[in-house]
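This report concerns only the one structure given below.
Numbering of ligands and ligand atoms starts at 1, following listing order.
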Amino acid sequence: MASFATMDVASIQAGLKAGEFSAREVAEDALARVEAADKQVHAFLEVTPELALAAADKVDAARAAGTLDACGPLAGVPVAFKDNMNLAGTHTTCASRMLENYVSPYTATCVQRVLDAGALPLGKLNMDEFAFGSSTETSAFGTTGNPWDLSRVPGGSSGGSAAAVAAGMCTVTLGSDTGGSIRQPGCFCGVVAVKPTYGVVSRYGVVAFGSSLDQVGPFARTVRDAALTMNALAGRDPLDCTSQHVTCDFTANLDKGVDGMRIGVVPEFMNARGLQPEVKAKIEEVVAKLEGMGARIEEVALPNVHAAISAYYVLGPCEAFSNLARFDSVRYGYCDPGHKDLGGQYEASRSRGFGPEARRRIMLGSYLLSSGVYDKYYYPAQQVRTLITRDYAQAYEKVDCILAPAAPRTAFKFGEISEPAEMYLSDMYTISINIAGNGGMNMPVGLGAQSGLPVGAQLIGPAFKDENMLRVAAALETVYGAAPVAPDFAPAKAGE
Ligand code: GLN
């Protein structure tokens, strides 16, 4: 069989249906690719061949019985999950020493829905520790390379999820996004990456970072594959009270084009300091292409968006501080041995179990929520949140979708950014969308003229209208093509 690495969901399923190959062959091919490519990329923290083969055998049994269609929309599709998502029987480490030995006793709803759709689970993917970061460098278990240039970061925190798709090891992966962790790595690795509106996907079983900001979404090489995965993921889950009833078909508008759509461009974004000229040039090119396809481009103002990073680095650490309090070495997490009193055990376990960025966030959150300080920072940050949410709502009175860069620059080298405050700027184009709660996605739009690395356009949609941004992304895909597997990992080069 041809390597599945160049196939989309529809072609895998067509091949299965026509009897050209079995799901077991797809699983074996995928596992062999992981074995070969991951030596260099290191996207996986755990590979689960037994689970992948068992799922494949189920799909093959359905094929034999003539009931393949009942297997679900992702039948036979190789997938993997960010390591903050529980999958029963696997380690869920959040790339932290704190959870190094934690084995999931249950499965997250998002993972279960993808498995129920017939997908083949290859394993768990590297990330920044507890999803704190923008480069996957804070993982306690080593870095992940960007398949386009292994001396560069894949972005983060879902770096493993983006790299696994870009290196052709998976057709679809899941990541989570609290301030940009799906879109920014999607941008750096040149793959489609969707952060749905808050509440579209259940967070049950996903280790919490910022509970009012976290959202799960897919990575894929085509917009349709991402939309199909959204169909599997979306909807109300009684186990997450913030999840909503969502009945839309995310693939419904993909072929409609952008003729007559109103697309917003934000001067505050396009003129921001720190926007790399090659990224700006690409986004301007995208504007022209969309206009050429019949879209109406409108300038929209987001006057408070400049305060988004400051607000996020108050709200995020406060929520993280509270969520991470459960890792107390008693019920969960690393337990430092030999302490006679509980206070000593807590202190040693938490200082040794958490890495430097996690400790920084915990200390920040603990300070920001202390009495006297709380009023000075937490309240104003919540007020800023309201203003930014209002800015977006007003913009959507004028436009159906907003276009922006996904990140201010292309992928940087390992160690290039060592200042936390500078790293925090990686998310300058994504954070305000988590604050407002609406959806955003990265759409790869080719390579930067100077760096030769992937550049991403971010499409931002009104809350619970994620089909708008997918529609624009699908139109751009007709111009820029589906995301390729990174050249060094393309099957032909690997001799397959
Ligand atoms: N990079 C941002 C942070 O470090 C966002 C992370 C995320 O979305 N999980 O907090």
Applying a heavy-atom cut-off of 4.0 Å, say which part of [X] lies close to ligand 1: side chain, backbone, both or neither.
{"X": "Ser157", "value": "side chain"}
{"X": "Thr178", "value": "both"}
{"X": "Tyr313", "value": "side chain"}
{"X": "Tyr312", "value": "side chain"}

Check your understanding: Is the shortest distance from a Lys or Arg side-chain nitrogen in Arg361 or Glu357 to a carboxylate oxygen in the other one below 4.0 Å?
Key ->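 Salt bridge flag = yes for Glu357 with Arg361.
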Nitrogen or oxygen of [X] less than 3.5 angstrom from that of ligand 1:
{"X": "Gly133", "value": "yes"}
{"X": "Phe132", "value": "no"}
{"X": "Gly180", "value": "yes"}
{"X": "Ser134", "value": "yes"}

Side-chain donor-acceptor contact under 3.5 Å, [X] with [Y]:
{"X": "Gln112", "Y": "Tyr204", "answer": "no"}
{"X": "Tyr379", "Y": "Gln383", "answer": "no"}
{"X": "Ser432", "Y": "Tyr392", "answer": "yes"}

Practice item. Give the residue, atom name and distance (to 0.1 Å) of the protein heavy atom nearest atom 2 (C) of ligand 1. Key: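 That would be Asp427 OD2, 3.0 Å.
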**Study point:** Residue, atom name and distance, where the atom is the protein heavy atom closest to atom 6 (C) of ligand 1
**Key:**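 Minimum-distance protein heavy atom for atom 6 (C) of ligand 1 reads Ser181 OG, 2.9 Å.
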Check your understanding: How about Tyr367 and Phe321: are their ring centroids closer than 6.0 Å?
Key ->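 No, the ring of Tyr367 stays outside the 6.0 Å limit from the ring of Phe321, centre to centre.
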Review point. Are Phe130 and Phe209 an aromatic pair by the rule of ring centers under 6.0 Å?
Key: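 No.
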Exercise for review: Might you point out which heavy atoms bring Ala166 and Trp148 nearest each other, and give the distance in Å?
Suggested key: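 Heavy-atom minimum between the residues: CB-NE1, 4.4 Å.
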Review point. Of the options Asp427, Thr430, Asn434, which is the one that meets Arg183 in a side-chain hydrogen bond (donor to acceptor under 3.5 Å, both in side chains)?
Key: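 The passing option is Asn434.
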Point to revise | Closest to atom 4 (O) of ligand 1 among Met423, Arg361, Lys82 (heavy-atom distance) | key: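 Selected option, by shortest heavy-atom distance: Arg361.
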Check your understanding: Should Gly316 be listed as contacting ligand 1, given a heavy-atom distance under 4.0 Å as the test?
Key ->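 Judged by the 4.0 Å heavy-atom criterion, Gly316 does not count as contacting ligand 1.
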